[in-house]
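Read the structure below first, then the notes.
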Number of protein chains: 2
Amino acid sequence: MSEQGVWQGLPEAIQARIRDGSQVVDIAAGEVLFRAGDGCRGLPLVVTGTVRVQMTGASGHSIVLYRVEAGDVCTLSIGCLMTGAGYRAEAVTESPVTVQLLPVVLFEQLMAQSPEFRQVVMAAYGRRLDDLMLLVEEVAFRRMDERLAEWLAGHRPRGEIRITHQQLAVELGTAREVVSRLLKELEHQGQLQLGRGVIRFLASSTSSA
Amino acid sequence: MSEQGVWQGLPEAIQARIRDGSQVVDIAAGEVLFRAGDGCRGLPLVVTGTVRVQMTGASGHSIVLYRVEAGDVCTLSIGCLMTGAGYRAEAVTESPVTVQLLPVVLFEQLMAQSPEFRQVVMAAYGRRLDDLMLLVEEVAFRRMDERLAEWLAGHRPRGEIRITHQQLAVELGTAREVVSRLLKELEHQGQLQLGRGVIRFLASSTSSA
DNA sequence: GGCGCTCAGTGACTAAGTCACAGTCCCCGG
DNA sequence: CCGGGGACTGTGACTTAGTCACTGAGCGCC
């Protein structure tokens, strides 16, 4: 999949207008794109890199809601543009990110003129809604040890991951201590080895026969 | 606010097309409009009544995600129409409901032709996203007794409410036993009086000075 | 009046979250 | 090279929430 994957199915004329009318911005890793309460000035599309969207509760705890990957439009921004309300969550770049910023006017025009563009935008919205519904179910009903195991399984191929217990707690929407204890348990079981800021997976007998 | 509040800002010509092209359906209370996995056949707008949208986890537990009130379009259906995927949640009427069903073709036309229509639809989407984000925060971080108290406070003006502990548990996404115990506690404190399927609020000294 | 169903209450236990604090690793400046 | 401070991790003690198993109460209906 090449850059700007979302627009690929669109007619060339539309793609050209997007290229001409939008502004491309490069942002370093770890930057905050917007915070809760900010207003927004255009529709961002992530061209390369990943943006993490998370929210912080009154208690000061945070949880990762979803990620905007290369080729995704920021649905949160659409909501802001439409209702005029500020963002409810915050967005942080996880890697160096290239963002294409469509001005509101162009966005409006394209929504009016291109069925394909509308399709792309609405589908993106639908997926986000789905993501959040899934997350609600996870948080409300699933056990922490299961969720942690699943998260780890998704990152296992890397052999080791650099992450603090605190960050992992935010991924799962729980407390640091809970993560620490569950990880310690897994370490005792010989599934992994813990270091400061790193989790190393051990090649246990689970991988192959 | 009269019927079909969402369309009110729209040009009369558009409103007429909506009236002519859509089908109006009356549904009794307690009916299931769609279940998880169903496909969908048009864009429903709730004209009168309330529809509850909830999902059920693998564990068999359910949680109420949000309600579609009179004047709201069903964003979940838009997602289904766009992506072709089935619903992830289920919708149940809470009262006798009148629904206006826009055929997909008309929906597409209106999205293309009416900026006001687009605005209404996108804003509805934005609000849903907000609702769900708020819910995630609630479920992940807030205490059950607080959430229950808040729910009760919202229904207090009615004097008494007819609801089972099980239903209340689904509202909050918790277990029936938890609700029972918390309610019992409030009863001991003299804030309310419990009956089979009913909660009566007692006029304690909290209301006025 | 007894049968069966739904609803509510409860004890015992496990899981998760909170609080407080101790230990450890690591960088950085002196 | 050493010491101090900050970030990260470990842990005990306790509270809150969820689970399981079961009892009993209310209520409609033969």
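A note on names: the letters A, B, ... follow the listed sequences, proteins ahead of strands, and every chain is numbered from 1.
- The nearest whole Å value for the distance from the CD atom in B:E146 to the P atom in C:dT18 is 11 Å.
- OP1 or OP2 of D:dT19 sits under 4.0 Å from a side-chain N or O of B:H61.
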- Protein-proximity profile, nucleotides 2-11 of chain D, B/S/- by nucleotide at the 4.0 Å heavy-atom cutoff, equals ----BBBBBB

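- Counting to the nearest Å, the P atom of D:dT16 and the CG atom of B:L172 are 17 Å from each other.
- Ionic pairing of A:R35 and A:D38 is not present here: no N-O contact between side-chain nitrogen and carboxylate oxygen is shorter than 4.0 angstrom.
- Rounded to whole Å, the distance from CD1 on B:I199 to C1' on C:dG9 is 15 Å.
- Protein atom CD of A:E185 is 10 Å distant from nucleotide atom P of C:dA15, rounded to whole Å.
- Checked by atom type, the side-chain pair A:Q23/A:Q100 shows no donor-acceptor distance below 3.5 Å.
- Atom CZ in A:R162 sits about 13 Å away from atom C1' in C:dC25, given to the nearest Å.
- Here the rule is side-chain contact (heavy atoms from CB on, under 4.5 Å) with A:I199, and of A:L186, A:T164, A:I161 only A:I161 fits it.
- Rounded to whole angstrom, the span from the CZ atom of B:R142 across to the P atom of C:dT18 amounts to 13 Å.
- The separation between A:L182 atom CG and C:dT14 atom P is 16 Å, rounded to whole Å.
- Atom CZ in A:R143 sits about 13 Å away from atom C1' in D:dA17, given to the nearest Å.
- The residues B:D130 and B:R127 are annotated as not salt-bridged, no charged nitrogen and carboxylate oxygen being separated by less than 4.0 angstrom.
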- Query: When you look at A:E90 and A:Q54, which way does the side chain to side chain donor-acceptor pair (under 3.5 Å) test go after all the steps?
  - Reply: CA-CA 5 Å; A:E90 62 181 10; A:Q54 63 190 28; 3.1 Å; yes

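- Taking the six-membered ring for Trp and thresholds of 30 and 60 degrees, A:H61 and B:F141 have ring planes more than 60 degrees apart, a perpendicular arrangement.
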